[in-house]
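Beneath this line is the structure, given in structure tokens, with notes to follow.
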Amino acid sequence: MIGLVPLPASGPTNAFYESWADYLQPKSRMFLSVLQMMCQGIADLCYDLANAVLTAWHAAWKLIDFSSLFTEANGSGQDMSGYGLTQYIGIFFMIGIIILALMLAIQVIQFNLTSGRRGKEWPAGIVTAVIIIAMVPLLISGGTQVAKSMNTELLGGTSTTDVRSGSHSILTDIWKNNSVDLKKVAQANFNVDDKKIHDYSPIQKNSSNAIVKSSIFTDTIDDDAKKGMKDKAKDVFANKQGESSIKKVDKGGWLKGTEEVYPRVKVNWIGIIAAEIVFAIVGFLAIIELIVRFFRLAYYSLTLLALAFRDMEGKKAMQILHVMEGSILGMALLPLNLVLFFAFV
């Protein structure tokens, strides 16, 4: 596979244009302007959709503080604590004591009817249930903080303006990886590594998310854009590939706007739009899964007080503990799943 050919000292050649065919494609100014504006408009709409999903994703992580549902008795009603679920802790605890008394009575009856062969499991079962109930607050507080840290590290903080490998979101990185600023490439005399071509994107690590709305993606290589280029680099945008040798770009006819020009930024619009749509779909499904896991943790952290004593061997308490542990692990891995998805797609 032939890489990108540097600009020859004598100026552009057919071989040069052939190696840069994916980037150097002159089109009539009118057609190029309409095409770029239409594609950027669609891409910006998809960006806004994906950004809304990303914002909802970060907002969903605020539910990780669901423990306040059970610790703040007198909420103002303006947030989750307003539901005052602390009142139900006592109720479920009393239900658990009643179930424990019933199960102990059954154990005594079994012990007497079987001459001691059955009904002697209750000491180990009660100890197991009590230990698990005591461990749950530590498991939830520690596990959810680890999961939240994973999300912050991989996808940013609680909003899309937070820093993630720079000062922009993962969605802006999609634009970075699908765009090349031909002015920057020309200023480097087209002597670039094709594996690092996206380092010449108009989007850098310190660029804000607002750059995706910039008009630079619809600009063309004009006299102002040619400033800072060497003369031979300027010749690249005055010519194009011909049959046997290079030829001048079409100057157009009497109708203004029919002359051929090169875009300032070569953008893979299909790649950007497709990635944003896929992100919106996958992100929406991930939000649903995340909320389900939060609900499962909140539900079992309350009902554990009653369900743990349904058997005298501690098996039910262990099952609930495994469910809660799986929910926490799943929450921690969800951000990694999203990042790996885009790494391989």
Parallel, tilted or perpendicular: ring planes of W20 versus F16, cut at 30 and 60 degrees: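 Rings of W20 and F16: tilted, 30 to 60°.
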Aromatic ring pairing W175/F217, orientation class (parallel under 30°, perpendicular over 60°, tilted between):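 Perpendicular.
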Worked check of side chain to side chain contact (heavy atoms under 4.5 Å, CB included) between Y47 and T172: CA-CA 9 Å; Y47 179 90; T172 308; 3.3 Å; yes
Is the shortest heavy-atom distance from the side chain of [X] to the side chain of [Y] under 4.5 Å?
| X | Y | result |
| --- | --- | --- |
| M135 | I131 | yes |
| D199 | K176 | yes |
| W269 | L35 | no |
| L321 | Y300 | no |

Donor-acceptor under 3.5 Å (N14 side chain, G242 main chain):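 Looks like yes, one N/O pair under 3.5 Å.
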side-chain hydrogen bond (donor to acceptor under 3.5 Å, both in side chains), paired with T220, selected from Q36, R29, K27: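 The passing option is R29.
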Heavy-atom closest contact (I287 atom, V53 atom, distance):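 Heavy atoms of I287 and V53 come nearest at CD1-O, 3.5 Å.
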I99 vs I95, side chain to side chain contact (heavy atoms under 4.5 Å, CB included): CA-CA, chis, key distance, verdict: CA-CA 6 Å; I99 292 176; I95 293 174; 3.8 Å; yes
Hydrophobic cluster membership, I246 vs M229, 4.5 Å side-chain cutoff: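 Looking at the clustering, M229 is in the same group as I246.
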Connected via hydrophobic side-chain network under 4.5 Å: L297 and L333: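 Same cluster: L297 reaches L333 through Ile, Leu, Val, Met, Phe, Trp or Tyr contacts under 4.5 Å.
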Residue pair W61, L290: steps toward the side chain to side chain contact (heavy atoms under 4.5 Å, CB included) verdict: CA-CA 8 Å; W61 278 91; L290 183 66; 3.4 Å; yes
D48 with K213: basic N within carboxylate O range, under 4.0 Å: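 Yes.
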Trace of the side chain to side chain contact (heavy atoms under 4.5 Å, CB included) decision for E259 with D250: CA-CA 6 Å; E259 69 276 10; D250 192 350; over 6 Å; no
